[in-house]
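Written below as structure tokens is the structure these notes are about.
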Amino acid sequence: MFTFAVVWYSVAALLWYASVYTGGNWPFIIEQAHRKYGDVIRIAPNELSFCTPQAFKDIYGAATKTKKLFPKSELFYGETGAKDTNIAYERDPDTHAVLYKLFAPSFRPQALRDQEHLIHNHVDLFVQQLCRWSRENSYVDVSKGFEWLTFDIMGELAFGESFGAVKNGQSHTWVSILLGAVYSTSVVQLKKRLPILEKALPWLATKQVLEEWAQHQAATMERVQKRIQMDESMGERQDLLTHPIRSGKLSAAELANNAQVLLTAGAETSATTLTAITYLLATHPGSRARLADEVRAAFTSADQITAAAAGPSSSPISTPSSRRPCASSPVAAGPAPRLPRLHLNPRNAPSPRSFHPERWLVTSTDDSNSTKPYTAAFSIGPRACLGISLAYIELRVALAKIVFALDWELVGEPFDWPSACRLTQLWKKAPLQARYTPRKDEVEKIPVLKVEEEP
């Protein structure tokens, strides 16, 4: 009887997990659970969730003489040494280190500075298009617009050519199927926790969703093969795939798997950040006015804006085989620890739901925010995001140039935009309508382009 009860509890817990995880409300529910039950909670029979900075450092930090490295969990990531692995999903530390060394040269400061002019070209066109779209349609859905911008940038940096979404004012086919494709991988991963879901796949992921994933992979492979063929004609120009291609150490399939991660991680995340910034600044006019004053006082023309001039910037893990402390709590081998959004822990960030950007400034004089909240959006340790510097360049250039040249307001009935978004591996953003107008001093400097249709 006892055994039956344990089995039933485990199955029920996993079914709840599958329902919540695929429903898009996972981060909100886990946040509520931590508020109710504390810093460490069990979210599945073999998984724990922590929400303190110390736990984050213990779990994701580099190995030391007294601390073993937490490997990535097999419940979420692929099998060690799998042929379809990539720099984000490879679990074996040694194999990951090899991949890291292949891609690292493309993300070094000088390599990124050499590519920054391409980012400026895309952002400048985007600023012009924001004016055009606002004039012709009365508003812009920035949840889509920023995706067009960031995927165009990453297409240029990874494949040597833009997707042309900003120019054409619509998503490229490759990008439009991305969210559905990523959702399908969430469903497939759930089978590792509950094999019985194999029979439920037709309900959790439709045939169309699974087909979109196959289309997405095929389109990525096609672009990688094209990029390999054009490598010799690129001359001295380098992009994110130059070093991996010329090393000869990765097959076309391996390059495609890694390129897919670079594009998704480099584009979708930046688009989500820029959309959120747009919403928060529009709903907090005092903060937006202060930012605009600072940017417009620092530059007399958009040409002066560079990433350097504009700047001063969770995934499951398995417990190592030996019993070891995690955030002062002993954790037995096996459970996969997760870290939710640390900045929403009230003990880490007072009034975490309040938009108070001054809390991040070292010079803050607000006693209640004298210590900056601990966040690690790009993770830490040996598995930290390789593209952190590129992300900051994208975000700084795009935000600074938009704030310098344009004013904007939200269109439609006010609503809580963050709560309307859903997480399916990536954030499925709710539409956000905004209207942009050139600031008075910039009207004559921002031509509204008439973009011709591609044949």
Regarding [X] and [Y], do their side chains bring together a donor and an acceptor under 3.5 Å, going by distance alone?
X	Y	result
E90	N86	no
H356	S351	no
D58	Q54	yes

[X] side, atom [atom1]; [Y] side, atom [atom2] - distance, nearest 0.5 Å:
X	Y	atom1	atom2	answer
I277	S270	CD1	OG	9.5 Å
N257	M221	CG	CE	7.0 Å
E161	E156	CD	CD	8.5 Å
I388	F378	CD1	CZ	5.0 Å
L390	S106	CG	OG	10.5 Å
L395	I119	CG	CD1	10.0 Å

Row check, Y374 ring normal vs K57 NZ/CZ: under 6.0 Å, within 45°: yes

R422 to W26 six-membered ring, cation-pi geometry met (6.0 Å, 45°): no

What's the shortest heavy-atom distance between [X] and [Y], and which atoms?
X	Y	result
L240	A158	CB-CA, 4.3 Å
A310	I305	CB-CG2, 4.4 Å
L426	E268	CD1-CG, 3.5 Å
A282	L410	CB-CG, 3.5 Å
L69	P382	CD1-CG, 3.7 Å

Flag side-chain contact, heavy atom, 4.5 Å: [X] against [Y]:
X	Y	value
C385	S379	no
H34	F50	no
T306	V397	no
L262	L241	yes
P244	L255	yes
F126	I402	yes
R108	L112	no

Derivation and outcome, side-chain contact (heavy atoms from CB on, under 4.5 Å), residues F103 and H243: CA-CA 7 Å; F103 285 92; H243 191 266; over 6 Å; no

Chi angles and distances behind the salt bridge (charged side-chain N to carboxylate O under 4.0 Å, His left out) call for R353, E31: CA-CA 12 Å; R353 289 290 182 182; E31 178 191 343; 2.6 Å; yes

Give a yes or no answer on whether the side chain of [X] reaches the backbone of [Y] with a donor-acceptor pair at less than 3.5 Å.
X	Y	result
S419	D416	no
T375	A377	no
T283	L280	yes
D239	T242	yes
H96	D92	no
R359	P350	yes
H122	I153	no
K67	A62	yes
W417	A430	yes

Candidates V140, L432, T278, D141 - the one meeting side chain to side chain contact (heavy atoms under 4.5 Å, CB included) with F146: T278

Salt-bridge present ([X], [Y]; N to O < 4.0 Å):
X	Y	result
D152	K167	no
K429	E147	yes
E222	K226	no

Ring geometry between F159 and F163 (parallel below 30°, tilted from 30 to 60°, perpendicular above 60°): perpendicular

S389 and R113: CA distance, side-chain angles, deciding distance, side chain to side chain donor-acceptor pair (under 3.5 Å) verdict: CA-CA 10 Å; S389 296; R113 282 194 291 270; over 6 Å; no

Q110 CD: over 12 foreign heavy atoms closer than 6.0 Å: yes

Y37, OH: over 12 other non-hydrogen atoms inside 6.0 angstrom: no

